[in-house]
Peer 1: 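Sharing a structure below in structure tokens format, with a few things to ask.
Only heavy atoms go into these numbers, but all of them, side chains included; no hydrogens, no water, no symmetry mates.
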Amino acid sequence: EPRDRSRAAYAARVKTIRPTGKRHRIGVVLSDAHVPKHDPAAWNVALQAVRDLAPDHVWILGDFLDLASVNRHEKAAGDDYTLRQEIWCGNKALDEVAAAIGPRKCDLLFIDGNHEDRMVRYVASGRCPPELRDTLEEIPDALCLRERGWRYVGPDEQPIYDGSLAVFHGQWYGKHHAAKHLDEMGGSVLYGHTHRPQLMTKQTVRGPIIGTGAPCLRRLVAEWQHQRNREFTGWLNGFVVL
């Protein structure tokens, strides 16, 4: 019965977001999945929302892949995926997003994060064997983004703008990261990176601007934190609906 009530509340919320007979743009924003370290339950809820809301836009805000296999830091317990396995898991996750969207037309945006940049740093470093440098694919090719219909936005192209809204992976941490992003960008901004949802509104002479920090879809454990594998306070699972 509690589960039935929860499902009914969810269905009612979906109707308020996508009311019958009305038409407005809706986007679902997924951030910091860190595949294959994504949380299966949170990921499945996000996919269900994509199915139910029939969004016009699905945006990935970076750190879709974890790429611990090419990380320069000491490997943590459980970091036993190979690069090929990580790429395979990423392609599988994108297949699941495509299945949730279905045949309808949808704007697809894939923003590069600092974890995707691990591949670039690895290839450019002395850690990558010279004979592999010409064989390792860049992220857009490894995930077949062009073939899948995703627009890829690299680090040098960020932020991008949807109207007056700046969208990028994010850069600043700290207790008040939404206010920091808002002040640095000088306008409304949507970002990920921190794994901690936060909202900040600021009044300006031109009207209100809003800084929105997205939650994450990663498992709520930090294996890298002194190998303790404990919950990292402040991280929350979720996604953003625009």
Side-chain angles (χ1 to χ4, degrees), residues 28-51 58-103 106-125 127-155 169 192-193 195 214-224 227 229 235 237-239:
V28 173
V29 182
L30 313 175
S31 187
D32 297 271
H34 289 265
V35 176
K37 295 180 180 179
H38 56 304
D39 183 273
W43 181 251
N44 287 334
V45 170
L47 294 177
Q48 186 63 48
V50 171
R51 284 189 286 268
V58 174
W59 295 348
I60 290 176
L61 285 192
D63 286 2
F64 178 72
L65 293 176
D66 189 73
L67 294 180
S69 57
V70 295
N71 186 13
R72 65 182 177 85
H73 299 295
E74 182 181 355
K75 297 295 185 290
D79 278 348
D80 51 0
Y81 286 93
T82 66
L83 177 58
R84 178 175 292 182
Q85 289 171 330
E86 291 199 86
I87 295 299
W88 185 90
C89 289
N91 277 283
K92 180 176 182 292
L94 288 178
D95 286 342
E96 292 170 347
V97 174
I101 294 171
C106 187
D107 172 53
L108 303 174
L109 184 67
F110 187 105
I111 290 179
D112 186 281
N114 56 290
H115 276 251
E116 279 80 29
D117 194 51
R118 284 178 171 181
M119 180 76 85
V120 177
R121 296 197 303 269
Y122 175 67
V123 171
S125 72
R127 296 177 293 113
C128 179
E131 61 272 17
L132 291 182
R133 290 176 184 169
D134 292 336
T135 64
L136 293 179
E137 293 182 303
E138 296 181 356
I139 294 299
D141 296 325
L143 295 178
C144 304
L145 295 181
R146 185 179 298 105
E147 293 82 353
R148 296 176 184 275
W150 290 85
R151 176 189 170 193
Y152 171 78
V153 181
H169 175 57
H193 189 51
H195 298 195
C216 70
L217 290 165
R218 189 200 191 281
R219 295 198 307 267
L220 297 183
V221 291
E223 297 94 337
W224 48 264
Q227 311 293 323
N229 199 33
W235 287 8
N237 283 148
F239 53 93

Peer 1: Evaluate the side-chain contact (heavy atoms from CB on, under 4.5 Å) criterion for residues V29 and L61: first the C-alpha distance (whole Å), next the side-chain angles of each, then the deciding distance (0.1 Å), finally the verdict.
Peer 2: CA-CA 7 Å; V29 182; L61 285 192; 3.4 Å; yes
Peer 1: How about R151: does its CZ atom have over 12 heavy atoms from other parts shown lying under 6.0 Å from it?
Peer 2: no
Peer 1: Under a 4.5 Å cut-off applied to non-hydrogen side-chain atoms, are I111 and I60 in contact?
Peer 2: no
Peer 1: Could you state the interatomic distance from CG (L67) to CD1 (I139), rounded to the nearest 0.5 Å?
Peer 2: 5.0 Å
Peer 1: Is it true that R148 and N91 share a donor-acceptor pair across their side chains at a distance under 3.5 Å?
Peer 2: yes
Peer 1: Write down the atom of V35, the atom of A93, and the distance for their closest heavy-atom approach.
Peer 2: CG2-CB, 4.2 Å
Peer 1: Can you tell me how far the SG atom of C216 sits from the CZ atom of F239, to the nearest 0.5 Å?
Peer 2: 13.0 Å
Peer 1: Could you grab the distance from atom CG of D63 to atom NE2 of H38, nearest 0.5 Å is fine?
Peer 2: 14.5 Å
Peer 1: Decide whether H169 and N114 meet the rule of one side-chain donor and one side-chain acceptor closer than 3.5 Å.
Peer 2: yes
Peer 1: Rounded to the nearest 0.5 Å, what's the gap from CH2 on W150 to CG on L145? Could you check?
Peer 2: 8.0 Å
Peer 1: Might you point out which heavy atoms bring A214 and S31 nearest each other, and give the distance in Å?
Peer 2: CB-CB, 4.0 Å
Peer 1: When you measure from the side chain of E86 to the backbone N and O of S69, does any donor-acceptor pair fall under 3.5 Å?
Peer 2: yes
Peer 1: Decide salt bridge (Lys or Arg N to Asp or Glu O under 4.0 Å) for K37 and D66; before the verdict, give the C-alpha distance in whole Å, the side-chain angles of both, and the deciding distance to 0.1 Å.
Peer 2: CA-CA 7 Å; K37 295 180 180 179; D66 189 73; 3.3 Å; yes
Peer 1: If you look at every heavy atom in D117 and D112, which pair is closest and at what distance?
Peer 2: N-OD1, 4.1 Å
Peer 1: Search all heavy atoms of D80 against all heavy atoms of Q85 and return the closest pair with its distance.
Peer 2: O-OE1, 3.9 Å
Peer 1: Less than 3.5 Å apart, any donor N or O on the side chain of W59 or D107 sitting next to an acceptor on the other?
Peer 2: yes
Peer 1: What pair of heavy atoms forms the shortest contact from H34 to R218, and how long is it?
Peer 2: CB-CG, 3.8 Å
Peer 1: I want to check something: taking the side chain as every heavy atom from C-beta on, are L30 and L217 in contact at a cut-off of under 4.5 Å?
Peer 2: yes
Peer 1: Within the 4.5 Å heavy-atom criterion, are E138 and V120 side-chain neighbours or not?
Peer 2: no
Peer 1: Evaluate the criterion ring-ring contact (aromatic ring centres under 6.0 Å, His included) for residue pair H193 and H115; output intermediate values, then yes/no.
Peer 2: CA-CA 10 Å; H193 189 51; H115 276 251; 8.6 Å; no
Peer 1: What distance do F64 atom CZ and E116 atom CD have between them, rounded to the nearest 0.5 Å?
Peer 2: 8.5 Å
Peer 1: Could you check whether any side-chain heavy atom of I101 comes within less than 4.5 Å of a side-chain heavy atom of V58, counting everything from C-beta outward?
Peer 2: yes
Peer 1: How long is the straight-line distance from CG of D141 back to OH of Y152, given to the nearest 0.5 Å?
Peer 2: 10.0 Å
Peer 1: Between W88 and K92, is there a side-chain heavy-atom distance shorter than 4.5 Å?
Peer 2: yes
Peer 1: For atom CD of E96, is the number of surrounding heavy atoms from other residues, nucleotides or ligands below 6.0 Å larger than 12?
Peer 2: yes
